[in-house]
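Report on one structure; see the data block that follows.
These figures come from a predicted structure and were not determined experimentally.
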Amino acid sequence: MLYKAYEIQRSLMNASSAWASMMADALNDPRNPWAGVGPTQTMANALDVFAHAAAPRGKPAFGIKVIHVDGTAHALRETTVITRPFGDLKMFRHDGLPKDAPRLLIVAPMSGHYATLLRGTVERMLERCVVYITDWADAKYVPLAEGTFDLDDYIDYLTGFLEHIGEGAHMMAVCQPSVPAFAATAIMGANKHPCRPVTLTMMGGPIDTRESPTAVNDHAITKPYVWFKHNVITTVPTNYPGEGRRVYPGFVQLASFMSMNLGSHMMSHYKLFQHMNAGADESADATKAFYDEYRAVCDLPAEFYLQTVDVVFQRHALPKGEMVHRGQAVDLSAITDTAILCIEGERDDISGIGQTKAALKVTPGLPDEMKQYLLAPEVGHYGIFNGSRWRSSIAPVVEKWIAQFEKKAKGRKLSVVA
């Protein structure tokens with residue numbers, strides 16, 4: 001019923017958006033003698049804001065065509081190098097990179113948004129690295145015949161992607177995937193896997209949500225596991241390829257995030273209206289671009305979502321040494337030669353201060369000189385990996401960390417495992 005009700009509401013909103021957009025165009029039409037006049041322009045702008053807020057959104061494209069490095073422009077090449085049912089591996093590179101440039105796997109969150117949310121992360125790291133990124137699928141488009149996908153599968157996907165990239169790669173996990181990336185690193189370390197990452201950077205990740213719990217963490221522990229199973233999991237309807245699949249819908253996740261800061265989102269749209277009235281097109285376009293990405297959401301496989309709630313937020317299995325992957329204990333002490341950088345934002349209201357840093361305390365086998373922590377001042381969750389502070393203050397620290405251990409990476413025999 002939940003998904004069917006949403007589909008009805010979505011159809012109504014799509015029609016309303018189209019109507020509002022049509023009316024705004026008519027009011028702004030040069031043939032309209034009142035176009036651009038005070039009340040007419042104000043009404044057109046109000047309709048435009050509504051049309052944008054209610055418009056349907058599909059999967060965005062990365063759309064990065066050119067990278068500027070040290071004042072020189074380089075054309076970018078984007079390639080999908082692995083295609084799998086629940087997620088692809090994309091590669092980005094440009095001719096300005098040296099042949100021995102570091103190879104970085106960015107693990108995008110499977111948390112309701114597409115990997116393009118990290119467009120700014122990819123763009124900045126491309127200046128010095130060949131960048132790979134996990135491009136997770138929208139579960140409602142994955143046929144039931146492809147099976148299920150849970151936290152164990154997530155870890156297997158990361159291992160397979162690292163094997164494809166080859167020995168000596170680096171890995172960066174943004175937010176939610178810090179846990180499976182950390183676990184995969186430990187498992188590969190315990191197995192002496194030649195493709196284990198040389199460095200692991202975790203940014204705003206819920207390694208131990210007992211540290212500085214946020215509203216998101218409180219929500220996950222104040223309700224029992226069965227509540228999530230019965231109240232936020234629904235079935236994909238017949239008009240999608242994934243008909244019958246149980247999912248945590250992206251629209252539920254978006255509603256949760258929007259409600260957390262509803263006042264801020266309302267004020268952003270009011271400011272958008274003000275900017276349009278003032279003719280501040282650049283500011284208005286920036287706000288629209290942000291919400292185009294923010295409102296583009298996808299569904300998560302129910303198995304993955306529920307296992308994450310249980311393992312990460314309710315049982316804290318990884319930091320307590322109780323996490324198991326396919327029968328093998330995830331032993332964090334097995335991480336002995338993967339350098340770890342933990343980054344947190346001072347104003348992060350999703351992953352509180354100390355949750356990511358906890359990774360440094362639960363890796364006793366890793367020398368202190370291979371551990372580093374950065375607390376970014378005046379930075380919220382989104383600002384850790386996007387925006388001006390990311391580009392100017394945080395990314396250089398990541399680049400320096402990678403470069404510091406790249407010599408070690410080159411010491412490993414480079415190979416690619418198909």
Does any N or O in the side chain of [X] come within less than 3.5 Å of the main-chain N or O of [Y], such that one atom is a donor and the other an acceptor?
| X | Y | value |
| --- | --- | --- |
| E344 | T356 | yes |
| S178 | V174 | no |
| E378 | R347 | no |
| E243 | P237 | no |
| N386 | L117 | yes |
| R196 | T185 | no |
| T121 | F385 | yes |
| W136 | A108 | yes |
| D153 | D150 | yes |

query = Looking at T363, L341, T338, which hits side chain to side chain contact (heavy atoms under 4.5 Å, CB included) with L200?
reply =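 Going through T363, L341, T338 one by one, the side chain to side chain contact (heavy atoms under 4.5 Å, CB included) with L200 is satisfied by T338 alone.
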
key: Test applied, side chain to side chain contact (heavy atoms under 4.5 Å, CB included); reference residue, V130; option that passes from L97, L104, I165   = L97

Taking ring-ring contact (aromatic ring centres under 6.0 Å, His included) as the test, write out the residues that go with [X], two or more places apart.
| X | value |
| --- | --- |
| F313 | none |
| Y141 | Y240 |
| W390 | none |
| F304 | Y154 |

Roughly how far, to the nearest 0.5 Å, is the [atom2] atom of [Y] from the [atom1] atom of [X]?
| X | Y | atom1 | atom2 | answer |
| --- | --- | --- | --- | --- |
| L300 | C298 | CG | SG | 6.5 Å |
| K90 | T83 | NZ | OG1 | 8.5 Å |
| K140 | T234 | NZ | OG1 | 12.0 Å |
| C195 | E163 | SG | CD | 6.0 Å |
| M110 | D299 | CE | CG | 11.0 Å |
| Y157 | I82 | OH | CD1 | 10.0 Å |

Got [X] and [Y] here, is their nearest side-chain heavy-atom distance under 4.5 Å?
| X | Y | answer |
| --- | --- | --- |
| I233 | L306 | yes |
| F161 | V107 | no |
| L89 | H164 | yes |

With a sphere of 6.0 Å drawn around [atom1] of [X], does it hold more than 12 non-hydrogen atoms of other residues, nucleotides or ligands?
| X | atom1 | answer |
| --- | --- | --- |
| K229 | NZ | no |
| E369 | CD | yes |
| M22 | CE | yes |
| K357 | NZ | no |
| K271 | NZ | no |

[X] to [Y] - nearest heavy-atom pair and separation:
| X | Y | value |
| --- | --- | --- |
| Q176 | S111 | OE1-N, 4.3 Å |
| M91 | Y132 | SD-OH, 3.3 Å |
| A220 | V309 | O-CG1, 4.5 Å |
| S212 | I353 | OG-O, 2.7 Å |
| W401 | A339 | CZ2-CB, 3.6 Å |
| P197 | L162 | CD-CD1, 4.0 Å |

key: salt bridge (charged side-chain N to carboxylate O under 4.0 Å, His left out): pairs with one or both residues in residues 391-404, sequence neighbours excluded   = R124-E399

task = Start with the C-alpha gap between I384 and I343, add the side-chain angles, then the distance that decides, and say whether side chain to side chain contact (heavy atoms under 4.5 Å, CB included) holds.
result = CA-CA 8 Å; I384 298 173; I343 300 174; 3.9 Å; yes

request  = Compute the centroid of each ring, for Y225 and then for F228, and state whether the two points are separated by less than 6.0 Å.
outcome  =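 When the ring centroids of Y225 and F228 are compared, they turn out to be at least 6.0 Å apart.
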
key: Full working for side chain to side chain contact (heavy atoms under 4.5 Å, CB included) between V198 and E406   = CA-CA 8 Å; V198 175; E406 180 63 8; 6.0 Å; no

message = Taking the six-membered ring of F92 as reference, does the cationic atom of R77 (NZ for Lys, CZ for Arg) lie under 6.0 Å from its centre and within 45° of its axis?
response =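 The answer is no, since R77 fails at least one limit relative to F92.
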
Among side-chain atoms of [X] and [Y], is any donor-acceptor pair under 3.5 angstrom?
| X | Y | value |
| --- | --- | --- |
| D281 | H275 | no |
| T209 | H316 | yes |
| D348 | S351 | no |

inquiry  = Evaluate T134 against D88 for side chain to side chain contact (heavy atoms under 4.5 Å, CB included), listing each step before the verdict.
reply    = CA-CA 6 Å; T134 57; D88 300 338; over 6 Å; no

NZ/NE/NH1/NH2 to OD/OE distance under 4.0 Å, [X] and [Y]:
| X | Y | result |
| --- | --- | --- |
| D208 | K320 | no |
| D135 | K59 | yes |
| D156 | R84 | no |
| D310 | R315 | yes |
| R245 | E146 | no |

ask   = Can K192 and D337 be said to form a salt bridge (charged side-chain N to carboxylate O under 4.0 Å, His left out), step by step?
value = CA-CA 10 Å; K192 300 301 179 184; D337 58 0; over 6 Å; no

task = Scan for side chain to side chain donor-acceptor pair (under 3.5 Å) pairs involving residues 62-75, sequence neighbours excluded, and state none if there are none.
result =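 The answer is D70-R128.
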
message = As a quick check of understanding, evaluate side chain to side chain contact (heavy atoms under 4.5 Å, CB included) for V122 and I64, giving each step before the final call.
response = CA-CA 9 Å; V122 171; I64 309 172; 4.2 Å; yes

